[in-house]
Amino acid sequence: MNIAVVANTAKKSVDVAKELKEKLVAAGFILETEKPDVVITIGGDGTLLNAFHTYVDRIDLVRFIGVHTGHLGFYTDWRDYELDLLVKSLKEEVSKGVYYPLLDVKLTYSDTEETKHFLALNEATVKNLDKTMVAEVYIKDELFETFRGDGLSVSTPTGSTAYSKSIGGAVIHPRVNAIQLNEVASINNRVYRSLGSPMIIAKDEWIRLELKKGDNYQLHVDHFVIPQENLSSMTLKISDKRIQFASYRHTHFWRRVNDAFIGES
């Protein structure tokens, strides 16, 4: 088994990564960053997001394990003081894997026939940099509404606990194979109307956003910010690909939610 260990720059994470690498080598594993079978992240959810995008081209071939050096995260099942148990679990290879949905994002432009694709683990959000954003929202190619406001965000079930929740979205269990559309500060008055509520989109449907041409847009894909020129439309749907987490010990989703937002058993 080839294993890549990815850590953030915090001293504690760097020290834990060094210790884990030594234990993995002693147990007979191969440290491999180019083509790993397993990616172990040391830090928090942000570190795992970085690792996901680093190895997104190998998403069908790699499993992820998160080790948290702070409190329990949504993508991190192990604590920094459990390295021996983690290595033992890897050695015994009893994992079956847990799969989470990903968001497929397709961009088209007014000045070229070329398109761009992204995969998101949490969400994709588009905003107008200069003024109120105007977008026609299509659900499965049928016009649903004309949106006016700060922006629109589409999240995965696991991403429903991130930015989506902060703008009023529902928390969705990752076994629900759907995506969620949220409005960001929509304008609703006697002249302009949009639904104003989160929308859960089924796995066999998709969202298309037709954007006003000539405006400047900013695209957020997970934690990456990507300025866009001549962006004309976006198509968002559940991806055919999924991220796999090694389930040597996988924390129950609602326990994660409780720990993150309530903090009581």
Side-chain angles (χ1 to χ4, degrees), residues 1-59 61-93 95 97-100 102 119-123 156 158-163 165-166 174 220-226 243-253 255-263:
M1 185 187 297
N2 296 334
I3 299 178
V5 178
V6 180
N8 62 28
T9 57
K11 183 181 185 304
K12 184 174 183 180
S13 298
V14 172
D15 292 343
V16 171
K18 181 173 183 273
E19 181 183 355
L20 177 59
K21 288 179 181 179
E22 292 172 352
K23 292 179 182 294
L24 289 170
V25 171
F29 293 105
I30 300 171
L31 298 181
E32 165 64 53
T33 58
E34 293 297 321
K35 295 182 178 181
D37 303 304
V38 173
V39 175
I40 303 176
T41 64
I42 313 293
D45 287 344
T47 309
L48 196 139
L49 275 173
N50 275 326
F52 162 72
H53 285 281
T54 298
Y55 293 101
V56 70
D57 292 337
R58 290 180 51 81
I59 199 66
L61 304 171
V62 68
R63 291 173 292 163
F64 291 85
I65 298 173
V67 177
H68 211 298
T69 50
H71 62 278
L72 181 67
F74 277 96
Y75 297 120
T76 51
D77 292 299
W78 296 84
R79 294 298 303 270
D80 53 288
Y81 51 77
E82 299 177 306
L83 299 185
D84 288 330
L85 182 58
L86 173 56
V87 173
K88 181 176 182 290
S89 298
L90 284 165
K91 197 71 175 176
E92 293 175 351
E93 190 59 69
S95 174
V98 174
Y99 294 84
Y100 286 167
L102 297 172
L119 284 180
L121 180 54
N122 276 352
E123 74 277 314
T156 65
T158 49
S160 70
T161 59
Y163 180 59
K165 184 178 181 299
S166 72
H220 299 243
V221 178
D222 290 335
H223 58 307
F224 294 106
V225 180
I226 312 168
I243 185 172
Q244 181 183 6
F245 289 90
S247 61
Y248 300 105
R249 183 191 60 196
H250 197 68
T251 307
H252 190 274
F253 177 75
R255 178 186 165 192
R256 296 172 189 269
V257 174
N258 178 281
D259 182 81
F261 301 112
I262 300 173

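Residues: numbered from 1 along the sequence shown.
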Where is the tightest heavy-atom contact between [X] and [Y], given as atom of each residue plus distance?
X: Tyr75; Y: Gly159; value: OH-N, 4.2 Å
X: Leu49; Y: His223; value: CB-CE1, 3.7 Å
X: Leu119; Y: Val221; value: O-CG1, 4.0 Å
X: Pro36; Y: Val62; value: O-CG2, 3.9 Å

Sidechain-backbone polar pair: [X] side chain, [Y] backbone, donor-acceptor under 3.5 Å:
X: Thr47; Y: Ala7; value: no
X: Thr156; Y: Asn122; value: yes
X: Asn2; Y: Asp37; value: no
X: Asp222; Y: Glu123; value: yes

Would you call [X] and [Y] a side-chain contact if the rule is heavy atoms closer than 4.5 Å?
X: Leu83; Y: Trp78; result: no
X: Val16; Y: His68; result: no
X: Asn50; Y: Phe224; result: yes
X: Thr41; Y: Phe52; result: no
X: Leu48; Y: Leu121; result: yes
X: Val56; Y: Leu102; result: no

Please list, chain by chain and in numerical order, all residues satisfying salt bridge (Lys or Arg N to Asp or Glu O under 4.0 Å) with [X], sequence neighbours excluded.
X: Glu32; answer: none
X: Asp80; answer: Lys12
X: Lys35; answer: none

Legend entry - side chain to side chain contact (heavy atoms under 4.5 Å, CB included) involving Val25 - partner list, sequence neighbours excluded: Leu31
Legend entry - Val257: partners by side chain to side chain contact (heavy atoms under 4.5 Å, CB included), with sequence neighbours left out: Phe74, Thr161, Val171, Phe253, Trp254, Phe261
Inset, instruction - Take Val6 and Thr54 through the side chain to side chain contact (heavy atoms under 4.5 Å, CB included) test and state the conclusion after the steps. - result: CA-CA 10 Å; Val6 180; Thr54 298; over 6 Å; no
Run the side chain to side chain donor-acceptor pair (under 3.5 Å) test against [X] and tell me which residues pass, sequence neighbours left out.
X: Ser13; value: Asn8, Thr69
X: Asp84; value: Lys23
X: Lys88; value: Glu92
X: Asp15; value: Lys11

Inset, instruction - Return each pair, listed once, that meets salt bridge (charged side-chain N to carboxylate O under 4.0 Å, His left out) where at least one residue sits in residues 38-53; pairs must be two or more places apart or across chains. - result: none
Inset, instruction - Check ring-ring contact (aromatic ring centres under 6.0 Å, His included) between Phe64 and all other residues, then give those that pass, not counting sequence neighbours. - result: none
Inset, instruction - Using ring-ring contact (aromatic ring centres under 6.0 Å, His included) as the criterion, list what pairs up with Tyr163, not counting sequence neighbours. - result: none
Legend entry - Steps toward side chain to side chain contact (heavy atoms under 4.5 Å, CB included) verdict (Ile65, Ile3): CA-CA 10 Å; Ile65 298 173; Ile3 299 178; over 6 Å; no
Legend entry - Derivation of the side chain to side chain contact (heavy atoms under 4.5 Å, CB included) call for Thr158 and Ile243: CA-CA 11 Å; Thr158 49; Ile243 185 172; over 6 Å; no
